[in-house]
Structures are given as C-alpha cells and as structure tokens.
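Some notes on the structure that comes next.
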Amino acid sequence: MWSHHQSYEAFLASGKQYGLIFEDDFMPTLASDTIETGLPHLIDSFIEERESGRANWDILNLARCYDCCNERCQTVVSTLEKEKVSLITSPHPYCGSAYSISRKG
C-alpha cells in the first residue's frame, strides 16, 4: 500500500501539474451514475478556476468531514453555477481521504 508520502514522490516525478490522492476506502457521495462523468468534470472545473485566477488553491480537499460546515465559519471562494458546487475555505480540514494537489502545493 502506498503512503501519502510515496504518492507525493510519484506525483513530483510525473511532471504533471496536478495530482489526485485517494485513500483506498474513499467512497464518493455523488450519485453512482455521475461518478465517472461528474467527479472528473468537477475536478477539471476546479482546476480551470485556479488557472484562470478565480480561485487560489494548492490543496483541494474533495472529501470534507468533521469540518466547520456552518455557513458563518466558511468563506465561499468561487461557485460553479452549472454544477451547483462551491469552493470554500476550510478552517479545520480534518480529513484527507481524497484531495488534489498542485505542483506548487
């Protein structure tokens, strides 16, 4: 089993601009018919937001849990209107079961 550290090393050696890290027990909460099309599209959209300068992230947590889900303690950075999903700051990111990293991150 690969550790996160080994995953980072493989990402850096790949020369790619972005990497995805998933725990082996990660379970997406998207509807099963949208996992194959929805999740990749969502990740592509967040990367586009970053590259256009509308959002600034180096680590994108794709599986929040036990975080501040209360509206008063989170700041919306950008919203993907079509997908009805917002990119928010995460003041206490406790989970790392699925995330994207940039080469800078």
Side-chain angles (χ1 to χ4, degrees):
M1 184 168 92
W2 282 50
S3 71
H4 288 250
H5 181 77
Q6 290 168 314
S7 297
Y8 302 147
E9 288 177 349
F11 162 64
L12 291 173
S14 76
K16 303 285 184 184
Q17 291 302 306
Y18 299 95
L20 291 170
I21 311 292
F22 291 96
E23 290 284 343
D24 59 356
D25 60 352
F26 171 69
M27 295 293 292
T29 57
L30 295 170
S32 61
D33 61 338
T34 62
I35 290 173
E36 289 183 12
T37 57
L39 189 58
H41 172 73
L42 223 78
I43 293 167
D44 286 345
S45 296
F46 283 129
I47 289 172
E48 184 180 309
E49 288 284 295
R50 183 183 188 280
E51 290 180 347
S52 71
R54 292 187 299 266
N56 183 20
W57 57 267
D58 293 318
I59 300 174
L60 179 63
N61 190 342
L62 301 169
R64 291 177 64 210
C65 66
Y66 305 111
D67 195 354
C68 181
C69 298
N70 183 319
E71 283 185 22
R72 68 175 180 248
C73 68
Q74 59 189 18
T75 304
V76 174
V77 175
S78 65
T79 300
L80 304 175
E81 297 295 335
K82 182 179 171 189
E83 296 84 356
K84 298 179 182 162
V85 173
S86 293
L87 179 62
I88 65 166
T89 58
S90 189
H92 310 288
Y94 294 118
C95 295
S97 59
Y99 53 98
S100 178
I101 55 176
S102 73
R103 183 155 289 281
K104 182 180 175 188

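Below, all heavy atoms of this structure are taken into account, side chains as well, without hydrogens, waters or symmetry copies.
- Judged as a side chain to side chain donor-acceptor pair (under 3.5 Å), and not counting sequence neighbours, S14 has no contacts.
- You'll find the side chain of I21 stays beyond 4.5 Å of the side chain of F11, heavy atoms only.
- Two residues are said to be in side-chain contact when any heavy atoms from C-beta on lie closer than 4.5 Å; Q17 and R50 fail this criterion.
- Across all non-hydrogen atoms, the minimal contact from Y99 to N61 is CB-CA, 4.0 Å.
- Around the CG atom of N56, the shell of radius 6.0 Å holds no more than 12 heavy atoms that belong to other residues, nucleotides or ligands.
- Closest heavy-atom contact between L60 and F46: CD2-CB, 3.6 Å.
- With sequence neighbours excluded, the residues satisfying side-chain contact (heavy atoms from CB on, under 4.5 Å) with L12 are R103.
- With a 4.5 Å cut-off on side-chain heavy atoms, S45 and H41 count as touching.
- Rounded to the nearest 0.5 Å, atoms CD1 (I47) and OG (S52) are 12.0 Å apart.
- Every residue two or more places apart in sequence or in another chain that forms a side chain to side chain donor-acceptor pair (under 3.5 Å) with E9 is listed here: H5.
- Scored by the salt bridge (charged side-chain N to carboxylate O under 4.0 Å, His left out) test, E48 finds R54 as partners (sequence neighbours excluded).
- Scanning for ring pair (Phe, Tyr, Trp, His ring centres under 6.0 Å) contacts around Y18 gives W57, with sequence neighbours left out.
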